[in-house]
Amino acid sequence: MFKALITATVLSLAPLGAVADEMTDVISDQLQAFQKRDVGTAWGYASPMIQGQFFDPRSFAHIVEQGYGPIWNNATARFGMSMAQDGRVLQTVIVTDQAGQTQVYEYDMIETDAGWKVNGVRPIEMPDVAV
């Protein structure tokens, strides 16, 4: 059983290398669209579920601006670990806003017929790092 578990884990993680660039490109492109306040383009990177929750780009932009300030005002982003889970990929993104504040987010990415889409974002605690 242990061998089967290891095999299943390795197989489920194997595709990450092949699609990691596609997913990070989607996240980067959406962040750039927010920088430019190009809400329509940013909206296009959202999954059908997210688009269904907010109905239009303007509502979506309002929620991002009010609840995800570092994403709305992003200056830089670095990509951390990614992990496959239940047919999705969770991608850690470290975002620094224009004021220099840093927040870590976990992006829930799903593959659709139109490519990879952002299916949700949640802030996560940054670990304390000893210097």
Side-chain angles (χ1 to χ4, degrees):
M1 177 164 166
F2 184 69
K3 182 178 178 183
L5 180 61
I6 290 173
T7 302
T9 301
V10 169
L11 290 175
S12 70
L13 294 178
L16 283 183
V19 299
D21 288 344
E22 293 174 32
M23 285 185 306
T24 57
D25 285 350
V26 166
I27 295 167
S28 293
D29 290 348
Q30 187 182 55
L31 288 169
Q32 287 177 358
F34 284 130
Q35 283 177 341
K36 297 174 184 174
R37 300 301 186 251
D38 183 353
V39 177
T41 297
W43 167 260
Y45 294 111
S47 73
M49 186 210 52
I50 295 295
Q51 290 182 356
Q53 286 180 337
F54 297 107
F55 305 109
D56 62 38
R58 192 168 154 179
S59 299
F60 173 68
H62 178 74
I63 293 299
V64 174
E65 182 178 11
Q66 297 302 309
Y68 300 86
I71 290 174
W72 182 254
N73 293 309
N74 74 87
T76 63
R78 295 182 320 236
F79 294 93
M81 294 178 24
S82 35
M83 178 178 73
Q85 179 180 13
D86 300 327
R88 305 165 125 84
V89 176
L90 302 176
Q91 173 66 58
T92 303
V93 182
I94 303 135
V95 178
T96 302
D97 68 15
Q98 294 171 6
Q101 299 295 319
T102 299
Q103 175 64 54
V104 180
Y105 292 95
E106 184 176 75
Y107 275 69
D108 177 5
M109 303 295 293
I110 61 167
E111 190 170 21
T112 69
D113 291 340
W116 287 94
K117 299 290 182 178
V118 178
N119 197 51
V121 177
R122 71 177 185 93
I124 58 176
E125 293 293 319
M126 288 187 1
D128 291 329
V129 178
V131 185

Distance check, rounded to the nearest 0.5 Å: [X] atom [atom1] versus [Y] atom [atom2]?
X	Y	atom1	atom2	value
Tyr68	Arg122	OH	CZ	10.5 Å
Arg78	Thr102	CZ	OG1	6.5 Å
Met109	Arg88	CE	CZ	11.5 Å
Gln91	Thr24	CD	OG1	6.5 Å

Are the side chains of [Y] and [X] in contact, using a 4.5 Å heavy-atom criterion?
X	Y	value
Ile50	Val118	no
Asp97	Asn74	no
Tyr45	Trp116	no
Ile27	Val93	yes
Thr112	Pro48	yes
Tyr105	Ile71	yes
Met49	Asn119	yes
Met23	Asp25	no

(message) Check for me, please, whether Ile110 and Met83 land in the same ILVMFWY cluster - side-chain distances under 4.5 Å, paths through other members count.
(response)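 No: no chain of side-chain contacts under 4.5 Å links Ile110 to Met83.
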(message) Tell me whether Lys36 contacts the main-chain N or O of Leu31 through its side chain, where contact means a donor paired with an acceptor under 3.5 Å.
(response)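 No, Lys36 side chain to Leu31 backbone: no donor-acceptor pair under 3.5 Å.
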(message) Using a 3.5 Å distance criterion without hydrogens, assess whether the side chain of Gln30 forms a donor-acceptor pair with backbone atoms of Ala42.
(response)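 At least one qualifying donor-acceptor pair exists.
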Please give me the minimum heavy-atom distance between [X] and [Y], naming the atom from each residue.
X	Y	answer
Val89	Ser82	CG1-CB, 4.0 Å
Phe55	Trp43	C-CH2, 3.7 Å
Arg37	Asn73	NH2-OD1, 2.7 Å
Pro57	Val39	O-CG1, 3.0 Å
Ile63	Phe54	CG1-CE2, 3.3 Å
Gln103	Pro123	NE2-CB, 3.6 Å

(request) Check the side chains of Asp56 and Ser59 for a donor-acceptor pair under 3.5 angstrom, ignoring hydrogens and angles. (result)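 Side chains of Ser59 and Asp56: pair found under 3.5 Å.
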(request) Take Thr76 and Val95 through the side chain to side chain contact (heavy atoms under 4.5 Å, CB included) test and state the conclusion after the steps. (result) CA-CA 6 Å; Thr76 63; Val95 178; over 6 Å; no
